[in-house]
Asker: 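Once you've had a glance at the structure underneath, I'll fire off some questions.
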Amino acid sequence: VTAPYPGVNDLKAAKANNGIELTWSAPAVDKLTITESFDTYAQFLGALMPLMSAIVCGLAVDEERAAGRLANLTAVPSRGRAVAAKLLALAALGAGSLAVALGPAPLAASWAGIVLGSLPLYALGLGVALRLGHNAAIGAGAAGVLLAFFSVGGLAHGLMTGELTGALATPLSWVPLAWPARLGSLG
């Protein structure tokens, strides 16, 4: 396999002002068109969402436990509202971090798919972390990553071919742990 870009073969190093200066000539490239697809990147981020949301929910519940034995969540008149507010805050922060990771507007549909697919994961992660602790939530998230990768054709297939098959229907399409990866592939 040959690289589509010419190599640099005149790299020179020289000592300069308490450091090293590297110089080389720019290779001549005519009409270079980059045809990289960012679909696999969005699917990869979506497939990692079960673990990422589980870690965030587990750590958030641990901090609530350490701060006051869950008093801010369970000692209020409306526990459901308090837990829902915590869930929405965690999901909003996750959506913001995904917006930074995915970047500009062409990936907006992928971002929306990953965010919508992640909402049940935040609810699941928060519930497991409240009931069983952060280790159980993170363990469930790790298992969810495996299911998510299997739902998009497997990580090995994606690494070898450069494409993940998230748009294809499989029995794993109905598992909520796979939804962020699959919905992220629709963008």
Asker: Does L59 reach the side chain of E63, with side-chain heavy atoms less than 4.5 Å apart?
Answerer: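 Counting from C-beta outward, L59 and E63 never come under 4.5 Å.
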
Asker: Would you mind reporting whether P180 and S118 have side-chain heavy atoms less than 4.5 Å apart?
Answerer: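 A side-chain contact exists here, since the closest heavy-atom pair is under 4.5 Å.
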
Asker: Minimum heavy-atom separation for E21 to A16, with atom names?
Answerer: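 Residues E21 and A16, closest heavy atoms: OE1-CB, 3.9 Å.
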
Asker: Heavy-atom distance under 4.5 Å between the side chains of L87 and L119, does that happen here?
Answerer: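 Sidechains of L119 and L87: no contact.
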
Asker: Any side-chain heavy-atom pair from L93 and V56 closer than 4.5 angstrom?
Answerer: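 SC-SC contact between L93 and V56 ruled out.
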
Asker: Side chains of I114 and L183, heavy atoms from C-beta outward: is any pair under 4.5 Å?
Answerer: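 No, too far: nothing below the 4.5 Å cut-off.
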
Asker: Once rounded to the nearest 0.5 Å, what's the spacing between atom CG of N72 and atom CD of E64?
Answerer: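 Rounded to the nearest 0.5 Å, the CG-CD separation comes to 5.0 Å.
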
Asker: Strictly distance-based, threshold 3.5 Å: is any side-chain N or O of W111 a donor or acceptor partner for the main-chain N or O of A95?
Answerer: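 At least one qualifying donor-acceptor pair exists.
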
Asker: If two hydrophobic side chains count as joined below 4.5 Å and joins carry through other members, does F44 share a cluster with L116?
Answerer: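 No; L116 is not reachable from F44 via cluster members.
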
Asker: List the atom of G141, the atom of A54, and the distance in Å for their closest heavy-atom pair.
Answerer: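 What the structure gives for the nearest pair is CA-CB, 3.8 Å.
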
Asker: Between L177 and L124, is the side-chain contact (heavy atoms from CB on, under 4.5 Å) condition met? List the steps.
Answerer: CA-CA 9 Å; L177 296 167; L124 179 67; 4.1 Å; yes

Asker: Do you know which two heavy atoms are closest between P50 and S53, and how far apart they sit?
Answerer: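 Scanning both residues completely, I find the closest heavy atoms to be O-OG, 3.2 Å.
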
Asker: Please check: side-chain N/O of R81 versus main-chain N/O of V76, any donor-acceptor pairing under 3.5 Å?
Answerer: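 Here the side-chain-to-backbone pair does not exist.
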
Asker: Judged by atom type as modelled, is there a donor-acceptor pair below 3.5 Å linking the side chain of S110 to the main-chain atoms of A42?
Answerer: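 Between the backbone of A42 and the side chain of S110 there is no qualifying donor-acceptor contact (under 3.5 Å).
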
Asker: If two hydrophobic side chains count as joined below 4.5 Å and joins carry through other members, does V115 share a cluster with L88?
Answerer: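 No, V115 does not connect to L88 through the hydrophobic network.
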
Asker: Apply the test side-chain contact (heavy atoms from CB on, under 4.5 Å) to residues L98 and M49: give CA-CA distance (whole Å), side-chain angles for both, the deciding distance (0.1 Å), then the verdict.
Answerer: CA-CA 10 Å; L98 278 171; M49 282 309 293; 4.1 Å; yes

Asker: Can you give me the closest heavy-atom contact between L130 and R65, atom names plus distance?
Answerer: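 That would be O-NH2, 2.9 Å.
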
Asker: Show your reasoning for whether side-chain contact (heavy atoms from CB on, under 4.5 Å) applies to K86 and L73.
Answerer: CA-CA 8 Å; K86 175 66 85 175; L73 289 178; 4.1 Å; yes

Asker: Are C57 and L90 close enough that some pair of their side-chain heavy atoms sits under 4.5 Å apart?
Answerer: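 Yes, close enough: below the 4.5 Å cut-off.
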
Asker: Would a 4.5 Å heavy-atom cut-off, applied to side chains only, mark Q43 and F149 as touching?
Answerer: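 Result no, sub-4.5 Å side-chain heavy-atom pair not found.
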
